[in-house]
Q: 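First the structure, which I've put down as structure tokens, then a few questions once you've had a look.
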Amino acid sequence: MALCSFICKGMIRRPKPTDSEADLLQEQERFLASGTPSTVNVVRRPDKRSGDSEGAQGDQRDVVTIQDLPDELPTLTPAPSKKSRLKVERVRFEDEDPEERLDRHDTHISAVLSKIIERDTSTTPVSLPAFTGLAFPKVSHRPEMESMVPAAGEKRSIFARQIAAQRLKEGKTPLYFSTMEMDQPPSRLDSKYQSSSNSFHKVEREECIPGFSAMAGPRLVSGQGLGGSDSTVETLKIHQENQGKLQAMSKGEILEEQKRLLGQLDPRLVDFVRSRKAQGALASAPQPSNSQDERQMEREEDEEEPTPQPNDALPPCISPEEDLPVKPQKEWVHMDKLEPEKLEWIRDLPAPRRKGTKQAMQARFDFAGTLIPPTEDLPTHLGLHHHGEEPELAGYSLQELFLLSRSQVIQQRSLALNTLAHILTKARAGEFAAALRGSVVSTLLDAGLLFLLRFSLDDNVEGVMSAAVHALRALLVSSDDEDCLDSTLSWFHGLASFPLLPTAQEEEDEEDEGLPEVMRETAQEKEEKKTDHDVARKDVVKGLLRMKLLPRLRYILEVIRPSPRVVQDVLGVLIRIARHSSSAVLDCPRLMETVMLEFLPCSWTVPASPTPQSAYGLPVANAMKLLRVLATTGRHACARLLNSLGARERLSRLLAPEPSELLLEPEEALRVSTEAYRLWAVAASYGQACNLYTDLYPILVRVLQSAHRPWRPSDPLLPLELHRLQALLTLLTQVTHTAGCHQELQAGLVSSQGAECPPPPLVTWGHVTGLQPTMLGLLKGCVRTLGEPVQRESTLRLVPAYLVYMGAFYFQLSIQSSFNPVECLQELEMLTSEVLLPLLSHEAVHSLINNLNSAVCNPQSCCPGPETIPSLPGLHCAGWTSAGGVPGPNSPFPLITSLCYLLDTLTSIHRGLVRKFRSLLLIEAVLGYLRGCAQAKPTLSHWVLRHEHHLLYLLLRLACRLVPTDPEVAKHAALFHHVSLVMLPWLLPGSEYLAHELMATMVFNKDFIPEGQIGGPEAAEMSELQLQERSSPPLQTLGPLLREACVQLPSVRGCYLSHLAHMEPSVLSSRDFHLGRTPWLNTQLLPELSGPSLPSDWPFLPLVSLYERAGAPDGGGLQVESLPAGAVQSVTHCLQWLLLLEVWREDALRVVLPVAKLARLACIFLCSSDLFMERPVQRLTWALFRLLTRPSQLEALDLNSPPTGLASFNDLYSALVGQFEAVSFGDPLFGCVILLPLQRRFSVTMRLTLFGEHVGLLRSLGVTLEQLAIPMERFTSPPEDSLPLLRLYFRALVTGTLRLCWCPVLYVVALSHLNTFIFSQDAASQQVETARRSLLRKTHYLTDEVLRSHLLLFRLPQKDAELGFNTYDQLPPIRQRRLESVLGTQGMSDSKGE
């Protein structure tokens, strides 16, 4: 209801904004009751559109009128009148007669007709109608009419065309020429109007000359520029005169004149003439010429004319009909207008090249993604030839597939996406590595493949969407990687895996430089500012998540409900995303609910067909695998899956019946059961879902008992059965670890008194003890069946899982309160004699040990594939099933590692059993394997190496127990120690506990350093004496230093362990993982694979740590005034350990480059002003410096390559020079370090830095030639070629800054280079020659006679000489002549006196 505003009188008040609707209604009732007339009337006006004039009868609109308002609008300020712009421009006179003006501007028709001028028709032919014998014209039929198709652009009636055709048939001339006929080419006119006269025969001869026609008139001269009415006559006269000249010339003269004209005329003008001819020919369809002379003439012209350029060639559309692939017939529909460029595709394709070429060619693929060689000739019915850039080549390039994927045709889009999927699959398998240059995957991603697939996922057509999902799976998922991870799941610690994340790269943000910390953008803000392209370029999966991929996949599964293949592809993509970012998958709305509801139902019906058409409503193995991968990421995610999403009920439903009772296909049923066991094993590794163990215990025992049965190798289900049994054994191992922690948790819960403590698991140790006899009996049966060749392969795949279970059981048994040592020791002896020793001596095990090849020694076993890109990392397992690396099907690592794990557990409980397993370490294959590892140089951090690290660690643990007690094994103690040293920087994140154990028990153990025994230090001292035989004796002998280092090994170990204290949280987390402390384990996902857990230069760690604490990182002085407490002792222990390694374990430090060693030792001088002066520090540093300056080390020293952690060595040297100038006090050790980078082969920048910016330190750089352990030849050879440095040398000598008594080494170096330079007569530039003469002249006129004599008569450096160099008694003749030529005098007496 509309409320109007009223102006009321009397007691009626105006409505207010605060009035409610009830107030307004009350005021309206009072107004109506008062009877006061309203000031507003409602008037019904007629509708003008309907023509109703009856007032308001036909109009229902409300019109509001207000009283006292005038009907007409008030007059406002008058606007200026409009003026015509044209009117202003007209000029009129006052006395002008309007009639005259009207006549003058009259445009009547009479005025138009009065200006008609007749056209000159004297030259126009007059045509009379032809007389026929027919009373009426002949009726035209459609076939006859179609045969009389007019020329292009000709407009004549059917009757006129019929008459013309009839006259041509009778041999008469046509009655008239149309305008289009005048413009037709001569060949067309000649075919239409043939005549028996001589003039027409002449025309046939002349028509071979392009551009001229005696009949049709000139083509270029139109006569438009000629004035007068006879322009057409003049044009024809000119044309006839030209034709007359041509007729008088012979054919050879015509061709010669044509060549001359083509050579003189502008090529652009020739192109214009030919284009005019082409346009004329295009207007009419060319007919084949019947003139033999004309065709002969054209062939002769083609032979005599030079090869035309591409711009001179005529368009293909004017090719004669005999050149077309087909001859058009008049009955063909729509062939009246020929399109030769399209008809060209009907021709036979040219044969592909038969010979190879070195030139790179575009790769082409068939629809299966197979690379097609460019020389292969494939039939056209395969559909691989198309209208591309190279039509003769079969296949599609990547660019063409991208174009086809955006086609409007659905089938083309689907075909392109499926082909891209096949190409990606083959590329990731490495099939194109040898044939293609570069990476196919990287090329596709750079071209925008990610966005193409994301757009295609939104396609309304299900076929295109399915193809896009398939291509996305081919891009993201590596089947080899997934299969490899699944196969290693039952290995020792095989449940853990690394996240598939790109390596984090620090980005330099120039915008934030110089800004305070508060004003800088946060990481989240920077991430939000990035575009999808920027994010996807660094992380493909993250880019897809940002493009809302997960909601789209959920929509596909929930709404579209695609075919089983698409469902498998979607689940595969989700698994790959879960390995990257599990939280995104779990947090996506309704995604996991849809997966659980549709693909892991609690009840389902039997499929109607063996191959169901839909995967919905049936358990899918990949859906269970997705849950397992999500559970691997953390205990909280696993608990969410078990409790909130109902995974616990699914486990009971799928594991209670046998796989054959699941109403599924046999293979799919086994896969579902296997994945269910694996998910349960992951949950048990956190101490979760243990109540299912007690509920399903009878079923588990039944499955175990049925496992020991004969296997048929030909059974196709055998691999799946073995995987299922391995998953069950892995589950029981994790349950055993969880049960072993129950007692500790129960005791901790009692003593915690309210503190945070994990709750005890629901399974106790008593629940698992009953399984041990069954497992032991199964293990004995496996050992017995190893002798059967038929069962050997399947048995070898099961034995590792049994051994890992036994090791876990006895490890947890030893820490239980109910542990009975006597009974346990007897049981272990029985296990050793009945199982382990027969297994260790079996030929099948020896065969595996002989195949033991180190993955770190074989880069091919773990090198990244050719299609590995940083933004989409993988596990690099392409072809692992056929490779002989660590994860191969016949790999010896799972059996030997599990055996060593059980041996380590048994020997830790029963020490007397150690010597029984000495044969394992003494096998030549094992020793050869260890030697190979000791010499390996791994440059990659590969996930599969962690399994080899487990084996090496367990072998070293066994050696650690055998070396002190077994002399035969002790002979190889140095080898074991070497392996432990090189293994430390190999260990990946998550293995910090192994590194701690090695350093605590073996690395600093004197039993593994046999050189430290009696005679070892003395032998090292003798070796050093032989090394220094040709020079001065060593300042510090190595023998006492090495003896003292061996005595201090326990203190050295404590020093290093204390410097690694910052790794304690990582070590504790790694300990819980390796010892099976499942209730304390937070995740089975290892830390990000960004590099090893320890740096390769870990022996220098105390020095670097002290420098970071006490020295300014920017080299700007000291941050603290004094060293931390114990710094001298810490540095001393570090130097002792470095000295021991350099003397006895030099190969263990070869991963640290000599320049890095020098940079780390420089920390001694930079972190304090007096640390290098401490007596023990200086003694050890002198010894290390002499070891680093041995000839082999000097040759390997490269200061041009920056050491790890530094931008350049020049910056470090500048800091060293400044520190020496400030606090050195002429220390010879510090001086040797300053002199080392000044060798001639190193960069001249450091020499310029010293002589240009820090020339004052030359007075305190008093290192003598005897103290310098570096040969002088390295400073003086080859001669210096830097003019600025030579000038600085000369200036330092002349000014007295560089003197022999202050800095003897550099004094000799400067003399040597200057003397060689000034007397050099080698060919050089004018600038260098001028500098030579100038310095020689200045040297001759020096007033310092001693310096002048040294510069002119210098001969060679000589360490034993009094001055440090030899001199000539007088200048040699050649130098004398050089000096005289420079000075311009002969026979100088003063020179002779010298």
Q: Between His947 and Phe893, is the ring centre distance below 6.0 Å?
A: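 For His947 and Phe893, the ring centres are not under 6.0 Å apart.
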Q: Enumerate the residue pairs fulfilling salt bridge (charged side-chain N to carboxylate O under 4.0 Å, His left out) with a member in residues 559-574, sequence neighbours excluded, ordered by first and then second residue.
A: Arg473-Asp569, Arg561-Glu598, Arg565-Asp569
Q: Answer yes or no: is there a donor N or O on one side and an acceptor on the other, between the side chain of Ser898 and the main chain of Leu895, under 3.5 Å?
A: yes
Q: What distance separates Arg590 CZ from Leu557 CG, expressed to the nearest 0.5 Å?
A: 11.5 Å
Q: Short question: side chain of Ser490, backbone of Ala801 - any donor-acceptor pair under 3.5 Å?
A: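 Not at all, since once roles are kept as given, no pair shorter than 3.5 Å links the two residues.
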Q: Between Glu992 (side chain only) and Gly990 (backbone N and O only), is there a donor and an acceptor less than 3.5 Å apart?
A: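 Yes; at least one donor-acceptor contact below 3.5 Å.
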Q: So do Leu450 and Leu475 actually touch side chain to side chain, heavy atoms under 4.5 Å?
A: yes
Q: Arg546 side chain to Val535 main-chain N or O, any donor-acceptor pair under 3.5 Å?
A: no
Q: How long is the gap from CD1 on Ile869 to CZ on Arg537, to the nearest 0.5 Å?
A: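 Between atom CD1 of Ile869 and atom CZ of Arg537 there are 12.5 Å.
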Q: Would you call Asp534 and Lys538 a salt bridge, using N to O less than 4.0 angstrom?
A: no
Q: Roughly how far apart are Leu550 CG and Ile577 CD1, rounded to 0.5 Å?
A: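 Spacing of CG (Leu550) from CD1 (Ile577) equals 5.0 Å.
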Q: Quick check: are there more than 12 heavy atoms from other residues, nucleotides or ligands sitting under 6.0 Å from NZ of Lys542?
A: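 It does not: Lys542 NZ has 12 such atoms or fewer within range.
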Q: Any ring-ring contact (aromatic ring centres under 6.0 Å, His included) pairs touching residues 644-696, not counting sequence neighbours?
A: Tyr693-Tyr697
Q: Please list all pairs meeting salt bridge (charged side-chain N to carboxylate O under 4.0 Å, His left out) that have one or both residues in residues 640-655, counting only residues at least two apart or in different chains.
A: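 Sorted pair list: Asp587-Arg640.
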Q: Out of Phe492, Phe1073, Trp491, which one pairs with His950 under the ring-ring contact (aromatic ring centres under 6.0 Å, His included) rule?
A: Phe492
Q: Do any side-chain atoms of residues 662-672 form donor-acceptor pairs under 3.5 angstrom with protein atoms, and if so which ones, sequence neighbours left out?
A:
unit_1 : atom_1 : unit_2 : atom_2 : d
Glu668 : OE2    : Ala621 : N      : 2.9

Q: Drop me the distance from His533's NE2 to Met547's CE, to the nearest 0.5 angstrom.
A: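 Reported to 0.5 Å precision, the distance equals 9.5 Å.
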Q: Testing the 3.5 Å rule here: is there a donor-acceptor pair between the side chains of Ser673 and Arg724?
A: yes
Q: I'd like to know if the side chain of Arg946 reaches the main chain of His493, judged simply by a donor and an acceptor atom lying under 3.5 Å from each other, with no hydrogens or angles considered.
A: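 Looks like yes, one N/O pair under 3.5 Å.
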Q: Main chain of Ser479, side chain of Arg428: is a donor-acceptor contact present, judged purely on distance under 3.5 Å?
A: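 Between the backbone of Ser479 and the side chain of Arg428 there is no qualifying donor-acceptor contact (under 3.5 Å).
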Q: As a quick check of understanding, evaluate side-chain contact (heavy atoms from CB on, under 4.5 Å) for Leu729 and Leu704, giving each step before the final call.
A: CA-CA 9 Å; Leu729 295 174; Leu704 279 177; 3.9 Å; yes
Q: Give, for atom OG1 of Thr594 and atom CG of Leu600, the distance between the pair rounded to the nearest 0.5 Å.
A: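 Answer rounded to 0.5 Å: 12.0 Å.
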Q: Please report the interatomic distance CG(Leu1075) to CG(Leu1081), rounded to the nearest 0.5 Å.
A: 11.0 Å
Q: With side-chain hydrogen bond (donor to acceptor under 3.5 Å, both in side chains) as the rule and sequence neighbours excluded, what pairs involving residues 1065-1079 come up?
A: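 Sorted pair list: Thr738-Thr1078, Glu744-Arg1077, Ser1070-His1074, Asp1072-Arg1077.
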Q: I'd like to know if the side chain of Arg678 and the backbone of Lys625 have a donor-acceptor N/O pair within less than 3.5 Å.
A: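 No; zero donor-acceptor contacts below 3.5 Å.
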Q: What side-chain donor-acceptor pairs closer than 3.5 Å can you find for residues 627-634, not counting sequence neighbours?
A:
unit_1 : atom_1 : unit_2 : atom_2 : d
Arg628 : NE     : Glu675 : OE1    : 3.4
Arg628 : NH2    : Asp486 : OD1    : 3.1
Arg628 : NH2    : Glu675 : OE1    : 3.1
Arg628 : NH2    : Glu675 : OE2    : 3.3
Thr632 : OG1    : Arg628 : O      : 2.8
Thr633 : OG1    : Ser582 : OG     : 3.2
Thr633 : OG1    : Leu630 : O      : 2.5

Q: Kindly say whether Leu485 contributes a backbone atom to a donor-acceptor pair with the side chain of Thr488 at under 3.5 angstrom?
A: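 It does hold such a pair.
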